[in-house]
Amino acid sequence: MTVKPSRDRGPMNARACALWCASALAVSLSAGNPLYRALVILVALNVLFSLKRPDVRLGPLLTALAVAGFTATALTVLVSHTGRHVLATLPEAIPAIGGALTAEALAFGVASGLGIAAAVLCVAPLSQVLEAHEVVDALPRATARVGAALGTALNLIPGVGRSAREIRDAQRMRGWEPKRLRGWSEVAVPVMLTAVEDSVRLAEAMEARGYGAGHRTHYAIPRWRAADIAVAAMSVAAATAFVALRATGENSDWFPFPDLTVPQVSVIGVLACLVLMAPAVIWRR
Amino acid sequence: MSSAVLRRFSYRYPRAGGWALDHVDLDLNPGLTLITGDSGSGKSSLLRVLNGLVPHFHGGVVSGEARVAGSDVLRTSTRDLARTVGFLFQDAEMHSVYATVERDIAFGLENFGMARTEMIARVESAMDQMQITVLRDRAIATLSGGERQRVALAGLLAMRPSMLVLDEPLAQLDTETAEPLVDIVGRMAAGGTTVVVAEHRLDGLMPRADRVLGIDGGRIRAAEMASRWGSDDGGGRRSASRAHSASSNGDSAWSLIGATVGVGSHPVLHSVDIAAPRGSVTVLMGPNGSGKTTLLRTLAGLLPPLAGSVRRTAGRIAYLPQNPSALLHRPTVRSEVELTLRRAGDAEPADAILGELGLVDVAGSYPRDLSTGQRQRAAIAAVLAGAPNLALLDEPTRGMDGAAREALLRLVRRIVEHSGTVVLATHDADLATAAGDRILRLEHGTVRDTHLASAVEPARMQR
């Protein structure tokens with residue numbers, strides 16, 4: 001099979017992409033095991049880097065996930081004093097966090113952090129791979145109006161970042177000092193007001209262009225190609241297999257308490273995760 | 001039968017003290033109708049009656065009668081009037097609903113449940129008419145102001161309205177991009193479409209107009225030809241700054257030395273060597289996207305040069321961004337001005353500049369409740385209050401009427417008389433000739449220092 005770069009033949013079908021996201025999310029949520037979660041993260045990152053839109057920068061998303069993961073880990077270590085392997089001890093006098101900091105809590109915290117990151121990365125293609133209008137077009141006909149409103153709302157987001165920069169620059173030139181926390185209201189208030197104004201103006205523009213006049217049709221109908229069908233089928237099969245393993249007890253939850261144990265994985269479970277790599281293989285640039 | 005009829009039509013915005021439209025009697029027919037008037041005179045409100053945004057979207061108090069294409073505006077929703085009335089907003093950026101060109105043009109057609117094959121044909125035809133087929137897949141955020149305006153107009157043309165209503169369509173366009181738009185508007189009017197345009201820049205449109213209406217305080221007044229500002233005594237005005245410039249000691253107020261300027265790692269202008277003396281007015285001109293704003297931001301110190309160096313005079317720098325809303329966050333216009341004066345340690349009363357810019361009546365108003373032109377004046381007052389040493393103004397006449405432009409010119413002259421220096425980026429050739437000592441033409445990544453006449457003449461000839 002000849003595989004062409006994605007942008008040469010149009011993007012991945014939005015519904016196929018949504019099916020992949022739902023399947024990957026099902027796997028990540030049913031994987032109570034940090035090794036599976038780590039595998040899903042690697043697979044999702046591979047898909048994102050292979051298919052992301054040219055204008056998308058993944059840096060901010062990955063930074064936010066790293067911060068969220070670290071926070072989840074740190075909180076678990078600080079507030080859960082369960083486990084036999086003590087790494088350090090904080091004075092008991094310190095409220096809430098005083099006590100033993102254990103390797104078990106650290107492992108559980110890391111597993112939680114991986115769970116958060118995996119879940120977010122599984123749905124990230126909806127915003128990082130697809131354009132807002134592709135998501136809207138993929139919605140069922142009954143949700144066409146809500147979808148159009150959603151798509152236009154998503155379009156406002158980049159504008160907020162742009163206006164925040166303009167406003168910060170303009171206020172700096174009027175002598176605003178970014179050092180004091182209270183002073184940030186001089187930027188935050190106009191950014192918020194501008195966002196509200198832009199929303200109202202957008203609503204006005206939509207009204208003037210007939211939005212809500214009646215039954216909506218779609219200019220673009222997402223086409224299914226062989227590759228899209230293959231990805232959708234493989235994704236659903238992978239998720240079904242993974243969830244079935246969980247239901248049959250083949251893949252059981254992993255708990256590091258009271259004693260730290262090595263998480264177990266099955267060959268079928270790993271294969272199911274690897275099958276989710278299909279979009280990255282098919283659409284690789 | 002007239003395309004639109006207003007009879008004793010009055011309208012007042014919610015919580016507003018006065019009438020935005022006051023007993024308007026009007027008949028609009030096929031052809032081009034121009035509407036002129038000062039900022040806040042009621043132009044935009046009148047246009048919004050034609051597609052029902054006034055009163056349906058904005059609310060408020062209304063009386064009298066308004067019919068458009070036979071429909072009673074008060075009983076027909078805006079979304080239904082959209083079938084016959086195409087409305088172009090002042091800010092083309094906010095006209096776009098979707099992120100890419102082709103999809104955005106189709107948005108209105110989708111709303112009316114049009115069959116897909118018909119939609120495709122209409123979108124193709126509209127793109128062809130506006131000569132934007134090559135932009136089909138482009139993200140709207142990456143387009144220039146002129147391109148955005150054409151995309152917005154294509155979205156309206158695709159709906160094949162019998163009436164086109166355009167709110168200051170030329171306000172953000174340079175002469176080169178305005179001319180094709182004027183042509184298209186003229187052709188549509190000649191072809192039997194009712195085209196209504198509110199605009200301050202009348203030069204290109206006036207010869208094609210079938211009718212010119214003035215509006216003042218919400219009342220339609222007898223048609224009159226608006227005189228072009230600055231053409232009556234522009235030479236006299238310029239002499240003040242030039243005389244001062246000649247007597248200045250020649251110290252540079254700002255200079256760029258081998259400077260490459262740009263955003264991020266993308267250079268926009270290469271190896272620029274320019275200096276301007278104190279007490280001078282330098283005008284930056286050039287097409288949309290040529291680097292005028294980037295150069296101003298570099299002079300302001302908001303962007304570091306990618307190579308070379310930038311020097312500027314010590315003292316206060318006043319910077320007017322292209323979007324006046326970026327500045328305005330205080331509860332009243334007066335408090336915006338007072339904030340600047342307080343920070344600058346200037347004892348000048350706020351009312352001085354408010355009076356100069358004709359803002360005394362709205363000094364107690366919330367700045368964001370003002371019309372576009374008034375809001376622009378409020379932003380100018382907020383940055384130019386006191387005595388800035390260097391004033392950097394980005395498109396300062398956006399949406400401004402003749403009187404406000406005169407006031408701006410007086411302020412520029414005052415800054416120069418106090419040994420201040422002004423740099424302004426504009427598409428407005430009249431402002432350039434009236435205010436500038438020197439014009440820098442930005443094009444294709446370079447800056448060309450031109451004599452005043454030669455810089456402006458080509459632009460004028462294209463009108």
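The structure presented is a predicted model; accordingly, all values stated were derived computationally and were not measured. Proteins get letters first, then strands, A, B, ... in listed order; numbering begins at 1 in each.
Of the atoms belonging to R330(B), not a single heavy atom falls under 4.5 Å from chain A. In this structure, chain B has a heavy atom under 4.5 Å from the side chain of E197(A), while its backbone stays farther away. The part of L328(B) that comes within reach of chain A is its backbone (N, CA, C, O), which places non-hydrogen atoms under 4.5 angstrom from that chain. Residue H58(B) touches chain A through its side chain alone, counting heavy-atom pairs closer than 4.5 Å. Both the backbone and the side chain of V200(A) come within less than 4.5 Å of a heavy atom of chain B. Neither the backbone nor the side chain of L50(B) comes within contact range of chain A; no heavy atoms are under 4.5 Å apart. Neither the backbone nor the side chain of A164(A) comes within less than 4.5 Å of any heavy atom in chain B.
Minimum interatomic distance between A208(A) and F87(B) (heavy atoms only, all atoms of both residues): CB-CB, 4.4 Å. When all heavy atoms are compared, the tightest approach of H329(B) to P190(A) is CB-CG, 3.5 Å. Of all non-hydrogen atoms in A170(A) and L327(B), the two that sit nearest each other are CB-CD2, 3.9 Å.
Rounding to the nearest 0.5 Å gives a distance of 8.5 Å between OG1 of T78(B) and CD of E204(A). In this structure, M173(A) CE and L302(B) CG are separated by 5.5 Å, a value rounded to the nearest 0.5 Å. Separating the CZ atom in F112(B) from the CZ atom in R216(A) is a distance of 11.0 Å, to the nearest 0.5 Å. The line from CD of E110(B) to NE2 of H218(A) is 7.0 Å long, rounded to the nearest 0.5 Å. One finds the CZ atom of R174(A) at 5.0 Å from the CD atom of E336(B) (value rounded to the nearest 0.5 Å). We find the OH-CE distance between Y219(A) and M114(B) to be 12.0 Å, quoted to the nearest 0.5 Å.
Here L53(B) is the residue among V85(B), N51(B), L109(B), L53(B) with the most heavy-atom pairs under 4.5 Å with chain A. Counting heavy-atom pairs under 4.5 Å between each of R168(A), E166(A), Q171(A), R172(A) and chain B puts Q171(A) at the top. Of all the listed residues (E102(B), M159(B), R368(B), M119(B)), the one sharing the greatest number of non-hydrogen pairs under 4.5 Å with chain A is R368(B). With chain A as partner, the option from V123(B), I140(B), V383(B), L392(B) having the largest number of non-hydrogen pairs under 4.5 angstrom is V123(B). Note on G52(B), A382(B), G86(B): by heavy-atom pairs under 4.5 Å with chain A, the leading option is A382(B).
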| said: side-chain contact (heavy atoms from CB on, under 4.5 Å), that's the test. Do D104(B) and R209(A) meet it? Break it down for me. | reply: CA-CA 11 Å; D104(B) 190 65; R209(A) 296 178 70 185; 3.4 Å; yes

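Applying a 4.5 Å heavy-atom cutoff, the residues of residues 316-323 of chain B that approach chain A are I317(B), Y319(B), P321(B), N323(B).
Heavy-atom contacts from other residues, nucleotides or ligands closer than 6.0 Å to OH of Y366(B) number more than 12.
Evaluation of the side-chain contact (heavy atoms from CB on, under 4.5 Å) rule for R79(B) yields E207(A), A213(A), S77(B) as partners, not counting sequence neighbours.
The salt bridge (Lys or Arg N to Asp or Glu O under 4.0 Å) analysis of residues 113-123 of chain A, with sequence neighbours excluded, yields no pairs. Judged as a side chain to side chain donor-acceptor pair (under 3.5 Å), not a single pair has a partner in residues 14-24 of chain A (not counting sequence neighbours).
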